[in-house]
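Single-structure report; data block below.
Bear in mind that the values here come from a model prediction, so they are computed numbers and not experimental data. Note: hydrogens, waters and symmetry copies are ignored here, and every other heavy atom, side chains too, is used.
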Amino acid sequence: MGKRERDDGEGEREREEREANAHVGKFLPSQIRNKCKRSEAYAKVKNEKKKAKKQKIKLRDQAEKEALELGNVPPPRKIPRTIENTREADETVAQADDEELQAEECADEFSQYFAHEITPKVIITTSQQNSVATRKFCADLLTVIPNCHYYKRGTYNLKQIVKYAINREFTSIIVINENRKEPNGMLVVNLPEGPTAHFKLSSVVLSKKIKGHGKASRHQPELILNNFTTRLGHRVGRMFASLFPQDPNFRGRRAVTFHNQRDFIFFRHHRYIFESKEIKEKKEKPNKVDPKAVKEKKRQPKEQVIARLQCGPRFTLKMQSLQHGTFDTKYGEYEWLHKPDMDTSRRRFFL
């Protein structure tokens with residue numbers, strides 16, 4: 001009797017929920033207990049939403065087309081809400097007419113590189129215990145950065161390497177750290193006065209692992225820095241720029257990109273070429289083949305497009321700290337240090 005009463009109670013509850021949702025006109029898939037039926041109902045709801053979205057886009061495009069044909073201004077499209085355009089307000093976002101920032105950049109540690117007074121000369125090394133994967137990654141970096149030299153780490157500590165590099169007139173040091181025989185960190189030290197930046201390294205793909213990869217030429221690459229909008233971002237972007245000569249050879253059609261998105265810095269290395277491509281226009285097929293129409297097809301206008309070829313390597317960086325001066329874990333002062341309590345909001349960015 002107790003079991004039957006409990007079953008009757010559950011049935012009454014389900015009936016009440018159905019009645020409560022009756023005015024909505026739809027029964028939620030999450031209320032279905034059977035797994036197979038629930039997944040079928042969810043797939044059906046998802047398919048209906050997809051069809052409704054396609055129909056909405058079709059009606060929007062049709063309204064725009066009609067407005068253009070009548071000579072009217074088409075209705076403005078809605079801007080989708082993303083994490084980027086709803087980010088928290090930041091006072092340190094740099095403005096184009098910020099005279100204070102321009103004055104700081106004219107007198108900072110990287111100003112001589114942009115004034116063509118210093119030519120970058122870079123050392124790449126690894127941690128004291130390094131694996132084959134880390135050495136292969138360093139070999140790929142040598143093909144990206146011009147005037148770059150690889151030195152075995154040996155038993156030397158980083159302070160000894162900094163002194164050696166300053167005496168040999170090197171301008172930067174890049175140290176690749178590893179964990180479990182995979183590269184997982186990058187330290188960039190600007191010489192002789194700093195600063196020192198530490199990055200978490202992830203998603204490393206070597207050149208040979210990229211399908212259809214190209215071979216890098218010896219031309220000086222063009223440098224592209226995207227979305228470094230804050231004062232800290234400007235400083236980090238200028239640090240990356242100081243690794244490359246500021247006189248790119250455009251004949252080589254070679255580009256190196258540091259793209260910042262949500263404080264993740266994506267690195268890509270491409271070669272590109274300009275090609276002419278025919279513009280295809282959608283036309284209704286005539287019932288009979290017209291020779292004049294065939295001639296018009298042959299004389300279709302052409303547009304210039306850019307074909308890209310990825311050379312590699314590719315990887316992702318996440319900044320952990322920016323330190324004044326050269327590497328010093330004991331007495332060094334930090335300009336910026338990532339802490340766990342900074343990650344309380346998904347819409348707060350620092351670069």
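- Listed by first and then second residue, the salt bridge (Lys or Arg N to Asp or Glu O under 4.0 Å) pairs involving residues 201-217 amount to none (not counting sequence neighbours).
- No hydrogens or angles considered: a donor-acceptor pair under 3.5 Å links the side chains of Y113 and N190.
- Of the residues H270, H269, E222, the one that meets the side chain to side chain donor-acceptor pair (under 3.5 Å) test with R254 is H269.
- Each of E105, E91, E104 was scored for a salt bridge (Lys or Arg N to Asp or Glu O under 4.0 Å) with R231, with one residue passing: E104.
- Closest approach of L322 and A197 over heavy atoms only: CD1-CB, 3.8 Å.
- Within a 6.0 Å radius of OH in Y42, no more than 12 heavy atoms belonging to other residues, nucleotides or ligands are found.
- Looking only at distances, no side-chain donor or acceptor of E66 sits under 3.5 Å from a matching main-chain atom of A63.
- There is no path of hydrophobic side-chain contacts, each under 4.5 Å, that joins M342 to L337.
- Across P195 and M239, no two heavy atoms sit closer than the pair O-CE, 3.0 Å.
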Salt bridge (Lys or Arg N to Asp or Glu O under 4.0 Å), that's the test. Do E88 and R347 meet it? Break it down for me. CA-CA 6 Å; E88 289 183 5; R347 290 176 168 79; over 6 Å; no
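- For CD of E117, the number of neighbouring non-hydrogen atoms (other residues, nucleotides, ligands) closer than 6.0 Å is greater than 12.
- With a 4.5 Å cut-off between side-chain heavy atoms of Ile, Leu, Val, Met, Phe, Trp and Tyr, the cluster of V175 takes in I123, Y151, Y156, L158, I161, V162, Y164, I166, F170, I173, L187, V189, L191, F327.
- Environment of NZ in K65: sparse, with no more than 12 heavy atoms of neighbouring residues, nucleotides or ligands closer than 6.0 Å.
- By the neighbour-count criterion of 12 heavy atoms within 6.0 Å, atom CZ of R308 is sparsely surrounded, having that number or fewer from other residues, nucleotides or ligands.
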Hey, mind stepping through R235 and E335 against salt bridge (Lys or Arg N to Asp or Glu O under 4.0 Å) and telling me if it holds? CA-CA 11 Å; R235 192 154 171 76; E335 294 183 36; 2.9 Å; yes
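- With no hydrogens or angles considered, a side-chain donor-acceptor pair links S207 and D140 at under 3.5 Å.
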Can you give me every donor-acceptor pair (side chain of residues 72-79, partner residue at least two apart or in another chain, under 3.5 Å) with its distance?
residue	atom	partner	partner atom	Å
R77	NE	E64	OE2	2.9
R77	NH2	E64	OE1	3.2

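- Within 6.0 Å of atom CD in E99, 12 or fewer heavy atoms from other residues, nucleotides or ligands are found, so the atom counts as exposed in its surroundings.
- F349 forms part of a hydrophobic cluster together with I83, judged by ILVMFWY side-chain heavy-atom separations under 4.5 Å.
- For the residue pair P221 and P248, the shortest heavy atom distance occurs at O-CB, 3.4 Å.
- Residues satisfying the side-chain contact (heavy atoms from CB on, under 4.5 Å) criterion with Q220, sequence neighbours excluded, are P146, P245, N249.
- In this structure Y331 satisfies the ring pair (Phe, Tyr, Trp, His ring centres under 6.0 Å) test with no other residue, sequence neighbours excluded.
- With a 6.0 Å radius and a threshold of 12 heavy atoms from other residues, nucleotides or ligands, K136 has its NZ atom at or below the threshold.
- By the ring pair (Phe, Tyr, Trp, His ring centres under 6.0 Å) test, F266 pairs with no residue at all, sequence neighbours left out.
- Nearest heavy atom pair, residue T326 against residue Q323, reads O-OE1, 4.0 Å.
- Sorted by first and then second residue, the ring pair (Phe, Tyr, Trp, His ring centres under 6.0 Å) pairs involving residues 196-235 (not counting sequence neighbours) are F199-F240.
- For T126, the side-chain contact (heavy atoms from CB on, under 4.5 Å) test picks out N130, T134, C138, Y150, R153, with sequence neighbours left out.
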Take D108 and R238 through the salt bridge (Lys or Arg N to Asp or Glu O under 4.0 Å) test and state the conclusion after the steps. CA-CA 10 Å; D108 67 359; R238 285 170 70 83; 3.0 Å; yes
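- Residue pairs meeting the ring pair (Phe, Tyr, Trp, His ring centres under 6.0 Å) criterion with at least one member in residues 123-148, sequence neighbours excluded: F137-F315.
- A donor-acceptor pair is defined here as one N or O able to donate and one able to accept, closer than 3.5 Å; such a pair exists between the side chain of N34 and the backbone of K37.
- How far CG of D90 is from OG1 of T229: 7.5 Å, rounded to the nearest 0.5 Å.
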Do any side-chain atoms of residues 52-62 form donor-acceptor pairs under 3.5 angstrom with protein atoms, and if so which ones, sequence neighbours left out?
none

Enumerate donor-acceptor pairs with a distance under 3.5 Å from any side-chain N or O in residues 179-186 to protein atoms, sequence neighbours excluded.
residue	atom	partner	partner atom	Å
N184	OD1	E178	N	3.4

